[in-house]
Amino acid sequence: MTVRNPTTVVFDVGNVLLRWDPRNLYRHIFDDEAQMEWFLANVCTHDWNVEQDRGRDWDEAVALLVKDHPTHQSAIRAFHERWTETVSGVFEQNVALLHRLRDAKVPNYCITNFSGPKFVLAQQRFPFLAGFDGVIVSGDERLLKPDPAIYHLLLDRYGLEAGDCVFIDDSPANIEAARDVGMHTIHYPHEQVDLGDELRRYDFPV
């Protein structure tokens with residue numbers, strides 16, 4: 001049986017298109033690298049931030065941490081109030097690929113684990129994020145990758161077939177879940193992969 005090439009590209013956003021890392025912000029707050037790493041491991045942790053990606057209100061999230069870590073109140077509030085500084089810029093080569101796909105009229109979508117309000121800020125700063133044919137933002141849907149439901153939501157909402165889509169993400173778990181749903185996949189571990197080469201293997205015009 002011949003397996004057809006995908007016709008639609010589905011992007012992750014963080015660390016595929018945007019260079020996101022809380023250290024981009026906290027290096028301006030902490031003079032000592034070890035103190036910064038302790039703070040991110042014990043106060044503003046990955047698990048805490050994921051709940052905002054799941055839809056928790058930012059003021060509620062900050063208040064919870066300030067209650068438990070009052071001496072770090074200023075640094076905790078910075079994650080919310082200075083969130084834009086966690087994004088240092090874009091992966092220029094990948095954004096250029098996205099524009100070439102759009103110029104060639106290739107359908108393009110995104111599924112991103114992202115706080116809804118922060119995604120709006122990101123769209124204002126980076127207008128290309130507002131140009132997708134469809135967007136699934138975890139914080140708005142209260143679903144997180146790699147839950148299969150978030151992939152099915154994209155397919156159902158926009159009338160897509162899994163086998164027509166290639167999904168790009170930096171997370172192996174998210175890639176595995178997309179593959180299980182029936183999508184083609186490209187794992188993008190930051191800049192260790194040439195995304196253009198990977199897309200050309202599927203005959204996309206990039």
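In what follows, residues are counted from 1 in the order of the sequence shown.
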### Query
Is it the case that more than 12 heavy atoms not belonging to Glu161 sit under 6.0 Å from its CD atom?
no
### Message
With ring pair (Phe, Tyr, Trp, His ring centres under 6.0 Å) as the criterion, how do Phe114 and Trp83 come out once you've worked through the C-alpha distance, each side chain's angles and the decisive distance to 0.1 Å?
### Response
CA-CA 12 Å; Phe114 221 113; Trp83 178 88; 5.6 Å; yes
### Task
Flag the pair Asp103 and Arg100 as a salt bridge only when some basic side-chain nitrogen lies within less than 4.0 angstrom of an acidic carboxylate oxygen.
no
### Task
Apply salt bridge (Lys or Arg N to Asp or Glu O under 4.0 Å) to Arg157 and Glu141, showing your working.
CA-CA 12 Å; Arg157 180 171 293 172; Glu141 309 298 343; 2.7 Å; yes
### Any pair counted as salt bridge (Lys or Arg N to Asp or Glu O under 4.0 Å), so long as it reaches residues 165-181, sequence neighbours left out
Lys145-Asp169
### Task
Taking Asn15 for its side chain and Val13 for its backbone only, find out whether a donor-acceptor pair lies under 3.5 Å.
no
### Task
Determine the interplanar angle of the Phe79 and Trp48 rings, folded into 0 to 90°, and report it as parallel if under 30°, tilted if 30 to 60°, perpendicular if over 60°.
perpendicular
### Task
Using the ring pair (Phe, Tyr, Trp, His ring centres under 6.0 Å) rule, take Phe11 and Tyr109 through it: C-alpha gap first, then chi angles, then the decisive distance, then the call.
CA-CA 6 Å; Phe11 285 86; Tyr109 296 81; over 10 Å; no
### Task
Answer yes or no on whether Lys118 is positioned over the face of Trp20, meaning its NZ or CZ is under 6.0 Å from the six-membered ring centre and within 45° of the axis.
no
### Task
Fit a plane to each ring of Trp38 and His72, take the angle between them on a 0 to 90° scale, and name the class: parallel (under 30°), tilted (30 to 60°) or perpendicular (over 60°).
tilted
### Query
Looking only at atom types and distance, does a side-chain atom of Arg102 sit under 3.5 Å from a main-chain N or O of Asn108, one as donor and one as acceptor?
no
### Task
Can you establish whether the number of heavy atoms outside Asp31 located under 6.0 Å from its atom CG is more than 12?
no
### Query
Val62 versus Gln73: any side-chain heavy-atom pair under 4.5 Å?
no
### Parallel, tilted or perpendicular, as decided by the 30° and 60° cut-offs, for the rings of Tyr151 and Phe167
perpendicular
### Message
What I want to find out is whether Glu85 reaches Arg23 closely enough, with some N-O distance under 4.0 Å, to be called a salt bridge.
### Response
no
### Query
Using a distance-only test with no angle check, is there a side-chain donor-acceptor pair under 3.5 angstrom linking Asp12 and Tyr188?
no
### Leu144 backbone acceptor or donor facing Arg54 side chain under 3.5 Å
no
